[in-house]
Every structure is written in C-alpha cells, then in structure tokens.
Amino acid sequence: MDPSPSAAALRRVVRRALQHGLPPADAEDLAAAAWERAAGRFEPRRGTFDAFFEQVGRTAIADWWRRHRRRAEVGLSHEPEAPRDGARLEWVHANQQRLLAALDDAERGVFATWALQKHLPQGHLTAPRAAESLGLSVEAFNLATRRLQARIRRLADEWGLEPRDFFSVGEHEGPRRRTHAKG
C-alpha cells in the first residue's frame with residue numbers, strides 16, 4: 001500500500017503553491033503529482049511521509065516556476081501579478097481575529113504580554129516584569145508562552161495555516177533578534 005499524506009500536509013502543499021502565485025488548478029495538480037512522486041520514493045527509515053511529501057511539494061513549486069519563467073522569457077506566457085499588500089493584510093487580519101477568538105482570556109493575556117515583550121525594544125519589558133504583570137512567576141510565564149506557542153501551531157495546522165500566517169510583518173522584519181555577543 002502506498003503511503004498517503006495527512007489532510008494537513010496536503011493543505012500545506014496546496015496553500016504554499018497558491019502563496020507562490022500558482023493558479024488554483026495548477027496548485028492542486030502539483031500536489032497530486034508531488035504525492036505520486038513522494039509515494040514512489042519514500043523510505044520510512046528516513047522520516048515521516050508528510051515531511052517528505054512537503055519537501056517534494058516545495059521542489060515541485062520551484063520546478064513549476066522555472067518552467068513558466070522560461071516560457072515567459074520567450075513570450076509564451078506572462079507571470080501572474082504578486083499578491084496585493086492590502087489583500088494580504090486583510091487576510092492576515094482575519095487570521096489574527098480568528099486566533100484571538102479561539103483563545104480564552106488567560107491565553108489572550110499571555111499572548112498580549114508575550115507579543116509586547118518580543119516587539120518592544122530590548123529591556124523595556126523584561127521577563128520578570130512581564131510575568132509580574134500577569135501575576136505569574138517567570139517560570140510559570142515561560143511555561144505559559146511555550147503552551148501558547150504549541151496551541152497556536154495546533155490551531156494553525158487545524159485551519160490549514162502556518163504560524164507566520166498570523167503576522168503582518170514582512171519576511172525581513174519580525175521579532176527583534178539579539179545582535180550583541182553575551183559576555
């Protein structure tokens with residue numbers, strides 16, 4: 001019996017193809033072809049079928065664009081327009097509203113504090129101050145944020161999204177990163 005991807009893995013491959021600008025019919029065809037290709041080459045000792053299937057899907061998307069760019073270079077077709085920023089922001093906003101509605105009051109409090117801690121300049125909201133604002137110890141706050149991260153991933157997977165589909169910042173933006181060496 002050939003292995004089958006989970007419904008979530010299928011959604012992720014199709015969604016990724018759509019996000020990369022493939023027409024819906026091509027995205028579905030690409031997912032089906034990736035499934036056939038992955039099933040014929042899958043080796044269980046090397047990992048899960050879903051992970052392998054998604055990698056085959058990413059490669060298929062890149063191959064699709066290589067073929068279509070070559071056709072565009074010789075004037076046989078044109079590349080689709082990039083998604084409008086406004087449409088992306090509306091979609092992300094809807095995802096954010098759905099996420100917040102799915103969280104209970106305590107989770108929303110942890111989420112808001114955690115988001116502020118990550119996006120304010122470093123040192124403005126330390127872990128002890130963030131935990132104290134919620135009436136938690138630092139350890140309890142850190143545990144609550146890890147639980148929340150896992151919950152967000154589960155909800156995203158259930159809804160066919162990726163965690164980054166909740167963020168309206170660009171790929172080059174996002175949470176601050178430490179740039180200094182610890183000493």
Side-chain angles (χ1 to χ4, degrees), residues 3-25 27-28 30-32 34-35 38 47-58 61 82-122 124-178:
S4 298
S6 67
L10 271 170
R11 283 191 307 265
R12 284 190 296 266
V13 169
V14 171
R15 183 184 63 249
R16 183 173 284 123
L18 293 171
Q19 288 172 338
H20 281 86
L22 275 73
E28 292 172 1
L30 181 137
W35 181 352
T48 67
F49 182 74
D50 280 358
F52 182 63
F53 166 67
E54 288 185 50
Q55 180 58 48
V56 170
R58 284 188 292 273
I61 292 167
R84 295 183 347 255
D85 288 338
R88 164 106 178 123
L89 288 176
E90 289 174 17
W91 181 72
V92 167
H93 180 71
N95 292 340
Q96 291 169 346
Q97 294 302 315
R98 186 176 182 190
L99 173 65
L100 291 173
L103 300 178
D104 63 31
D105 290 339
E107 289 172 324
R108 278 192 294 275
V110 170
F111 182 82
T113 306
W114 174 49
L116 282 172
Q117 184 188 23
K118 293 298 177 193
H119 293 283
L120 287 175
Q122 196 163 354
H124 277 68
L125 185 59
T126 62
R129 285 181 51 208
E132 181 183 336
S133 74
L134 295 170
L136 301 171
S137 68
V138 173
E139 295 79 19
F141 176 68
N142 289 337
L143 180 61
T145 58
R146 283 194 298 276
R147 283 188 191 139
L148 183 60
Q149 288 172 3
R151 175 105 194 275
I152 290 171
R153 284 187 196 102
R154 281 192 308 274
L155 287 171
D157 191 48
E158 180 181 315
W159 296 335
L161 302 171
E162 292 184 26
R164 71 172 176 235
D165 294 335
F166 296 114
F167 303 106
S168 59
V169 296
E171 291 291 324
H172 64 286
E173 299 174 26
R176 61 178 161 70
R177 304 232 190 300
R178 291 189 180 158

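Not measured: the values here are computed from a predicted model.
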Quiz item: Should Trp35 and Val13 count as side-chain neighbours, where that means a heavy-atom distance under 4.5 Å?
Solution: no
N/O donor-acceptor pairs under 3.5 Å from side chains in residues 146-153, not counting sequence neighbours:
| from | atom 1 | to | atom 2 | distance (Å) |
| --- | --- | --- | --- | --- |
| Arg151 | NH1 | Glu107 | OE1 | 2.6 |
| Arg151 | NH1 | Glu107 | OE2 | 2.9 |
| Arg151 | NH2 | Ala102 | O | 3.1 |

Exercise. Work out which heavy atom in Ala131 is nearest to a heavy atom in Ser137; give both atom names and the distance.
Key: CB-O, 3.5 Å
Quiz item: Which value, rounded to the nearest 0.5 Å, describes the distance between Thr126 atom OG1 and Glu132 atom CD?
Solution: 8.5 Å
Exercise. Measure the CG-CZ distance between Asp50 and Arg12 for me, rounded to the nearest 0.5 Å.
Key: 6.5 Å
Quiz item: Nearest heavy-atom pair of Arg11 and Glu158: which atoms, and what distance?
Solution: NH2-O, 3.7 Å
Practice problem: Taking all heavy atoms of Ala130 and all of Ser133, pick out the closest pair and write down the distance. | Solution: O-OG, 2.7 Å
Practice problem: Quick one: pull up OG1 in Thr113 and CG in Leu134 and give me the separation to the nearest 0.5 Å. | Solution: 4.0 Å
Quiz item: For Arg58 and Gln55, does a side-chain donor sit closer than 3.5 Å to a side-chain acceptor?
Solution: yes
Quiz item: Taking all non-hydrogen atoms of both residues, which atom of Ala38 and which atom of Phe53 are closest, and how far apart?
Solution: CB-CA, 4.0 Å
Exercise. With sequence neighbours excluded, tell me which residues meet salt bridge (charged side-chain N to carboxylate O under 4.0 Å, His left out) with Asp104.
Key: none
Quiz prompt | Closest approach of Arg108 to Ala101 (non-hydrogen atoms, all atoms of both residues) | solution = NH1-O, 4.4 Å
Exercise. Find out whether Val14 and Leu18 are in side-chain contact, i.e. whether some heavy atom of one side chain is under 4.5 Å from a heavy atom of the other.
Key: yes
Self-check item: Set of residues satisfying side-chain contact (heavy atoms from CB on, under 4.5 Å) with respect to Thr145, sequence neighbours excluded
Solution: Val110, Trp114, Phe141
